[in-house]
J.: 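Here it is, the structure in full.
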Amino acid sequence: MLFISSIPAFYDNYIWIIENENKHCYIVDPGDAKPVLERLKRDNLHLDAILITHHHRDHTDGLETLLAHFPNSRVYGPSSTDISIINHTLCDGEHFTIYNISFTIHCIPGHTRDHICYYGNEMLFCGDTLFSGGCGRLFEGTPEQMYNSLSLLASFPNETKVFCAHEYTLSNLEFAQTVEPDNTELQLYVKKVNALRKKGENSLPSTIGIEKAINPFLRTHQPSVKRAVNTTTDSDLETFTALRRWKDEF
Ligand code: ZN
Ligand code: FE
């Protein structure tokens, strides 16, 4: 059994912590060491390993300090990256286990070229590729790469929990409602997230099922989304490209 919770960092980052019942843990994308060390100390946890999704500093800057405190912890991450501190590089399709739960690595380029995700047992750690209600910006990859990466994530079971790395949900939903003002599932989700955020609670994890119903970037096949980007094209990739450009300027 794995227990997953978030450690808030910076303004809107989440560092996910995966614990087992024996006070051991993995950490995902530690952009900052301080809140992680505080949490490990508070709960008396031992750090076994760190998972990295991509090279951006808000996901990696805590690595050095964490390794200074836990020199034997493994650091998993993409093989194409320039982070020399990663000592277990992972390739597309590779399997590995986190406390007896099997995870598969998928390359999901788009936000960066080196972006990977960790998927296992209906849990998905997807960094800055899929957000609730939105997706990452295209800093290095092409629209086609991002479209293919998101299509892969959308193919996972509806129950899959989406542990993404930022609390961008409300601002993403503002855009989503502009794209699909008549989407009733989206309206209900906005209410739910608003209530959670008012209480100071995390809007995540989301699920793949929810995202397919409310996230316009996973809905580029829908006539409503095609109409919103003013396109007559049958190509979902072209719709995605126009939608991403629109969001960049929104
Ligand atoms: Zn990033
Ligand atoms: Fe980020």
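For ligands, and for the atoms within them, numbers begin at 1 and follow the listed sequence. Side-chain atoms are counted along with the backbone in the values below, which use heavy atoms only and exclude waters and symmetry mates.
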J.: What orientation do H106 and Y119 show, parallel under 30°, tilted 30 to 60°, or perpendicular over 60°?
T.: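 Aromatic pair H106/Y119 classed tilted.
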J.: Would you find a donor on one side and an acceptor on the other, under 3.5 Å apart, between the side chain of R39 and the backbone of L45?
T.: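 Such a contact is absent between R39 side chain and L45 backbone.
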J.: Determine whether the aromatic ring centres of residues H166 and H59 are separated by less than 6.0 angstrom.
T.: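 When the ring centroids of H59 and H166 are compared, they turn out to be within the sub-6.0 Å range.
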J.: Which class fits the ring pair F217 and F175: parallel under 30°, tilted 30 to 60°, perpendicular over 60°?
T.: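 Rings of F217 and F175: parallel, under 30°.
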J.: Quick check against the 3.5 Å criterion: does N158 have a side-chain atom that pairs as donor or acceptor with the backbone of I208?
T.: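 Flag not set: sc N158 to bb I208 has no pair under 3.5 Å.
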J.: Strictly by modelled atom types, are E159 and T207 linked by a side-chain donor-acceptor pair under 3.5 Å?
T.: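 The answer is no; no qualifying pair exists.
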J.: Short of 2.8 Å from the Zn ion (ligand 1), name each protein N/O/S atom, waters not counted.
T.: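 Sorted hits: H54 NE2, H56 ND1, H111 NE2, D128 OD2.
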J.: Could K23 and D43 be called an ion pair, given the rule that one side-chain N must be under 4.0 Å from one carboxylate O?
T.: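 Salt bridge flag = no for D43 with K23.
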J.: Please confirm whether H88 and F96 have ring centers closer than 6.0 angstrom.
T.: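 Judged by ring-centre distance (under 6.0 Å), H88 and F96 do not meet the cut-off.
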J.: Is there a side-chain contact between W16 and M123 (heavy atoms, below 4.5 Å)?
T.: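 They are not in contact (no side-chain heavy atoms under 4.5 Å apart), so the answer is no.
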J.: Let's test this: below 2.8 Å, count the protein N/O/S atoms around the Fe ion (ligand 2).
T.: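 Step by step: take the Fe ion (ligand 2), keep protein N, O, S below 2.8 Å, and you get 4.
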